[in-house]
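Model, not experiment: these values are computed from the prediction. Whatever order the structure lists ligands and atoms in, that order sets their numbers, starting from 1.
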Amino acid sequence: MSHHKVRITVNGVTREDEIEARLLLVHYLREVRGLTGTHVGCDTSNCGACTVLLNGRTVKSCSVLAVAADGGEVLAIEGLASNGELSPVQKGFQQCHGLQCGYCTPGMVMAATGLLLENPHPTDDEIRQGIKGNLCRCTGYEMIVDSVRWAANNGGPGEAAVRHAQLQQS
Ligand code: FES
Ligand code: FES
């Protein structure tokens, strides 16, 4: 089994790890970095529970090999809060009851954050488009759309996500 040394920054913390070539980014985050906020819902690139930002773009981390993130920057759900305060998207889900069981929520929040980085003032249709790769079995989506609209009107993607995106431009 081939192993590779990778250097990946996750939520601002850079580390080198020796990993198997076949390790998926989602398993790297959960098992190697201990960041279990990123969920695995399907492992087949359908549900979006594993969504994170990689180098400024949303990706389904079950569809990316960890070695492909070598030298890169990941922002995962644990890195969204800034100075102990939830990001606007996290607050939006709280304010508008955008979750029930919560299983899809980390991926939804990351997908919504990526959407607001690209489009700070989306229409409801654009919100629906932005989260269409993320499945929720509980909410019927209406309150998720409300949550993202709330975030767009109350601070957008948030400081940590803006910082992450700016790093990619510098
Ligand atoms: Fe990645 Fe479902 S676990 S899309
Ligand atoms: Fe349960 Fe979305 S809140 S799957």
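- With a cut-off of 2.8 Å, atom 1 (Fe) of ligand 1 has an N, O or S atom of C62 in range.
- Annotation: the span from N134 atom CG to M110 atom CE amounts to 11.0 Å, rounded to 0.5 Å.
- The distance from atom 1 (Fe) of ligand 2 to the nearest N/O/S atom of C136 is not under 2.8 Å.
- With atom 1 (Fe) of ligand 2 at the apex, C101 SG and C138 SG define an angle of roughly 100° (rounded to 10 degrees).
- A donor-acceptor contact under 3.5 angstrom links the side chains of N46 and T44, judged on distance only.
- Contact check on E118 versus R57 returns no salt bridge, with no Lys/Arg side-chain nitrogen under 4.0 Å from an Asp/Glu carboxylate oxygen.
- The residues R149 and D124 are annotated as salt-bridged, a charged nitrogen and a carboxylate oxygen being separated by less than 4.0 angstrom.
- Summary of contacts: the protein heavy atom closest to atom 3 (S) of ligand 2 is Q100 N, 3.2 Å.
- Using a 3.5 Å distance cut-off with no hydrogens or angles, the side chains of R33 and Y28 do pair a donor with an acceptor.
- When atom types are taken as modelled, the side chain of R30 and the backbone of T38 share a donor-acceptor pair closer than 3.5 angstrom.
- Near G41, meaning under 4.0 Å from one of its heavy atoms, ligand 1 places the atoms 3 (S).
- Those atoms of ligand 2 that come under 4.0 Å of a heavy atom in G102, given as number and element, are 1 (Fe), 3 (S).
- Taking every heavy atom of S45 and a limit of under 4.0 angstrom, the matching atoms of ligand 1 come to 4 (S).
- With D17 contributing its side chain and V6 its backbone, the two residues share no donor-acceptor pair below 3.5 Å.
- In T44, neither the side chain nor the backbone holds a heavy atom less than 4.0 Å from any atom of ligand 1.
- At a threshold of 2.8 Å, atom 2 (Fe) of ligand 1 has a backbone or side-chain N, O or S atom of C42 nearer than that distance.
- Residue, atom and distance of the protein heavy atom nearest to atom 4 (S) of ligand 1 are G48 N, 3.1 Å.
- Proximity of C47 to ligand 1, defined as any heavy-atom pair under 4.0 Å, is shared by backbone and side chain alike.
- Among the candidates I8, T9, V32, the single residue satisfying the side chain to side chain contact (heavy atoms under 4.5 Å, CB included) test with R15 is V32.
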